[in-house]
**Student:** 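I am attaching a structure below and will ask some questions about it afterwards.
Within every chain, numbering begins at 1; the chains are lettered A, B, ... in the order of the sequence lines, protein sequences first and strands thereafter. Side chains included, hydrogens not; waters and symmetry mates left out as well; all remaining heavy atoms used.
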Amino acid sequence: MATSYNHRLIEGKWREKWEKDPVNVEDGKKPKYYCLDMFPYPSGNGLHVGHWRGYVISDVWSRYKMMQGYYLIHPMGWDAFGLPAENYAIQHGIHPSISTAENVANIKKQINEIAAIYDWDREVNTTDPNYYKWTQWIFVKMFNEGLAYEKEMPINWCPSCKTGLANEEVVDGKCERCHSEVTKKNLRQWMLKITAYAERLLSDLDKLDWPEKVKKMQTDWIGKSYGAEVDFKVDGMDETITVYTTRPDTLYGATFMVLAPEHALAAKLATDETRAAVEKYIYDASMKSNVDRMQDKEKTGVFTGSYAINPLNGAKTPIWLSDYVLADYGTGAIMCVPAHDDRDFAFAKKFDLPIIQVIAEDGKEIENMEEAYTDARGTMINSGEWNGRESADLKREAPKMIEKLGYGKKTVNYKLRDWVFSRQRYWGEPIPIIHCPDCGAVAVPEDQLPVLLPDVEKYEPTGTGESPLAAIDSWVNTTCPKCGKPAKRETNTMPQWAGSSWYFLRYVDNKNDKALVDKEKAHKYLPVDMYIGGVEHAVLHLLYSRFYTKFLYDIGVVDFDEPFKKLFNQGMICGRDRETGAATKMSKSLGNIVSPDDMVRDYGCDALRLYELFIGPPELDSIWDDRGIDGVYRFLARFYTMVMNNIEKNAEETDELVKLRHKLTHVITTRLESFSLNTVISGFMEYNNKFVELTKTTGVDKETLKTMVRLIAPFAPHVGEELWECLGGDGSVFAAGWPEYDENMISDNVITIPVQINGKTKATIDIAADEAKDDVLAKGKEALADKLNGLNIIKEIYVPGKIVNIVAK
RNA sequence: GCCGGUGUGUCGGAAUUGGCAGACGAGGCAGACUCAAAAUCUGUUGGUGGCAACACCGUAUGGGUUCAAGUCCCAUCACCGGCACCA
């Protein structure tokens, strides 16, 4: 009698063995494969079963690659700077470094329960001075290249976190982290000139094997548009206003102009009559929060009293101010063509401004226009020498024509803004800059890095726009590295994204104190072949990392300019809302968190790994169901027993079994390659049922069992190793190679196909795979003889190997 | 508003990309074992009608293409996600 499946014994045994005798070793001959997880923030809450999913997926993929003969880079580390640790410190008076260290230890223990094949020698922690030395080093390099610069400007400010935020961190006008409404604050900021990379960040997306959805999100975020800048002279003033437009073809339809209230000329355009109203409007706009500004769908505005001259036809168009024009996009000024733009139309209606149609769908003017005609297709009208032309052609040609006429220039614009990089918080990398009254901002010399984050007594953000570091005089006051005179340190810190924008590089050379990464190692092990993590980083982390990598490529640190060749986004695992039963994020407050520790104790790591995959398509969100894990546990137990019974039985290999073995290998490999991991598991179950049936009769031979065990090993590594040993396999199952299949062995000689009448299946017949069409049709008709009786056969269809359909009346 | 995605039994989900809809699992029902329960095993399980063989209906809704549609086309609805005055 075979022993039954005992996950505790098996898993304990193999954990010890793997520790002593690692399987993923470099021999200098194997090609490398770098499979990376998005590293976690070491939260005090620990992991729930949802966090496991991505790690299981990446480990399965890693082990598969390892079995295919690759040397694996599969590291793990900690994105440990950030607000939660700091908030915890504020509440409990414990230094963030201490709570962070505790959390790291705890989560590391939890992560080890996954039995993922992480190489802990490569571990990194963004809060380690030996790590953030290089985070600062990159900043200094960017500063030297003019990509990091200081600017005083109104930025997104979270009143609850009391810090500035990047554009990317504002979601629906709210703070990405705490969901407070974001306000504006005029602050001196460190900015990174990510816009200098806009074009490359956009066009290089083509090179990437990423989900289309993520590429699209980045494309939209970068937001490239083609158009023209057109210069309008201000009537009676020695000033020119340049507008940006994507529709220069509609220039004859421009009946007014609108400037953002923040535009440099805004106040200057006011006349004596309008001055009071203009100044009030500018002031009011400056007081409005982003949310107010977005929520006010109703257009507001004020007439400046001045007019601009349309360069094309000399028309005098009134200049207005309105906050629907954004100061920091394009030129902060637009020409308005109400007939062909929804917003301009609404504005014109509200303030009773003229509307001139210049594109007509059918050559005729629309009477009493009720909405703008925004389609670019049609014929030009009311447009001087352009009349009669196709507007789509004109749209394409107009920028060049305007440039030739000297009225402006062809240009492109991006929605992407420069990256607000300073945070007025404690728990982050100090920005390595010294402010000297004489020399200005001076970078801390490289040999003096890292600028250590000093201890403070009070972590609280001040709310004044200064970081808590500003209160430590002994740290702030220093000397200028250039002239030696007294100077002050920059007290802002970097955003959490700083450390995570390049961590994947450091894993391959994490102890190097001479360089960010050794060039040879970088060349040998990088870039990342497969990156696995949640879709929530689609524009933030993934865009920043691409920017950093491109910069490091430009300064010769690495020899590739995209960090992640392939990306996979796993879906979330949700809990159920206790009342509504709807799927919701697992959260403490909802009390629907499922702990992986409990699951591992009760069912074992292998069962939990299988269930994490079986639960649903890996790229979609799934809902956790406690009963579901029973199913995979039963499968593992039955599989284990089946193998044990067959070892005892010691059956002979047969042609049928060999075929079955090739089919199984084919099914698992193709599904795994297409990342259909849920159906990989159901495939195992299906074949196991077949093997269980066979065990009752002829039995299953050892080679077939060994194949199944090798195939299942990446998914259930402990069971894989245990059964491999029981079957007498050499060494570790992970060194045994991935089974291969022969295409010729996976097709059957005799196949069963359906026979239909008028597309409805009435019978099935067995045919030879290569049987002639006429024979098959004859067989089909014979099978349906009584049903075809009295019917007129109109058409007979045979799709080879698939189906017979008789069309009859 | 714009862009993208999804919609299949009681539930999670399959369906080689136009070829037997519901694989695999969960749950249910029935049975075996048991004093009993759990565990395990066996059978059954989309709906309606029928003793039955079988027939009809069925992949959000309405239409279409096709010998054949969950899959393709058109329209509509619902939910989810992204962007949101970017000129």
**Student:** Figure out the OH/P separation between Tyr798(A) and G18(B), and round it to whole Å.
**Tutor:** 19 Å

**Student:** Kindly indicate whether a cation-pi arrangement holds for Lys299(A) with Tyr324(A), taking the cut-offs as under 6.0 Å to the six-membered ring centre and within 45° of the axis.
**Tutor:**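 Positive - Lys299(A) is close enough to the ring of Tyr324(A) and near enough to its axis.
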
**Student:** Does C67(B) pair with anything, Watson-Crick or G-U wobble, both distances under 3.5 Å, and if so, with which nucleotide?
**Tutor:**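 Base partner found: G19(B).
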
**Student:** Answer yes or no: is there a donor N or O on one side and an acceptor on the other, between the side chain of Lys409(A) and the main chain of Glu403(A), under 3.5 Å?
**Tutor:** no

**Student:** May I ask which nucleotide in the shown strands pairs with C33(B), Watson-Crick or G-U wobble, both distances under 3.5 Å?
**Tutor:**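 Partner of C33(B): none.
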
**Student:** On the nucleotide A68(B), are OP1 or OP2 found under 4.0 Å from the side-chain N or O atoms that Lys762(A) carries?
**Tutor:**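 Indeed not, no polar side-chain atom of Lys762(A) lies that close.
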
**Student:** Give a yes/no on whether any side-chain N or O of Lys760(A) is located under 4.0 angstrom from OP1 or OP2 of C57(B).
**Tutor:**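 So the side-chain polar atoms of Lys760(A) do come within 4.0 Å of the phosphate oxygens OP1 or OP2 of C57(B), strictly under.
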
**Student:** Which of the following nucleotides, C85(B), A26(B), G81(B), is nearest to the side chain of Asp625(A)?
**Tutor:** A26(B)

**Student:** Just to confirm, is there a sub-4.0 Å distance from OP1 or OP2 of U10(B) to any side-chain nitrogen or oxygen of Arg627(A)?
**Tutor:**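 Checking U10(B) against Arg627(A), no side-chain N or O comes under 4.0 Å of OP1 or OP2.
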
**Student:** Measuring to OP1 and OP2 of C67(B), would you say a side-chain N or O of Lys795(A) lies under 4.0 angstrom away?
**Tutor:** yes

**Student:** Reckon Tyr329(A) has a side-chain N or O less than 4.0 Å from the OP1 or OP2 of A87(B)?
**Tutor:**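 Yes.
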
**Student:** Taking a pair as Watson-Crick or G-U wobble with both distances under 3.5 Å, which nucleotide is matched to G1(B)?
**Tutor:** C83(B)

**Student:** Can the positive tip of Lys690(A) be found less than 6.0 Å from the middle of the six-membered ring of Tyr687(A), inside 45° of the ring normal?
**Tutor:** yes

**Student:** Does Asn689(A) have a side-chain nitrogen or oxygen under 4.0 Å from the phosphate oxygens OP1 or OP2 of G25(B)?
**Tutor:** yes

**Student:** What class does the angle between the rings of Phe639(A) and Phe635(A) fall in, given that below 30° is parallel, 30 to 60° is tilted and above 60° is perpendicular?
**Tutor:** parallel

**Student:** Does Asn678(A) place a side-chain N or O at less than 4.0 Å from the phosphate oxygens OP1/OP2 of A14(B)?
**Tutor:**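 Indeed, a polar side-chain atom of Asn678(A) lies that close.
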
**Student:** Which part of the nucleic acid, if any, lies within reach of Gln756(A) when heavy atoms closer than 4.0 Å are counted: base, sugar-phosphate only, or nothing?
**Tutor:**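 It contacts base atoms.
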
**Student:** Counting only side-chain nitrogens and oxygens, does Thr670(A) get under 4.0 Å of the OP1 or OP2 atom of U16(B)?
**Tutor:**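 For U16(B), neither OP1 nor OP2 has a side-chain N or O of Thr670(A) closer than 4.0 Å.
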
**Student:** Are any of Arg634(A)'s side-chain N or O atoms less than 4.0 Å away from OP1 or OP2 of U40(B)?
**Tutor:**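 Yes, Arg634(A) has a side-chain N/O under 4.0 Å of OP1/OP2 on U40(B).
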
**Student:** Looking only at side-chain atoms of Val799(A), point me to the closest of C67(B), G81(B), G19(B).
**Tutor:** G19(B)

**Student:** In the strands shown, is U6(B) matched to any nucleotide by a Watson-Crick or G-U wobble pair with both distances under 3.5 Å, and which?
**Tutor:**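 Looking at the geometry, U6(B) pairs with A78(B).
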
**Student:** With respect to the phosphate group of U40(B), does any side-chain polar atom (N or O) of Arg638(A) fall under 4.0 Å of OP1 or OP2?
**Tutor:** no

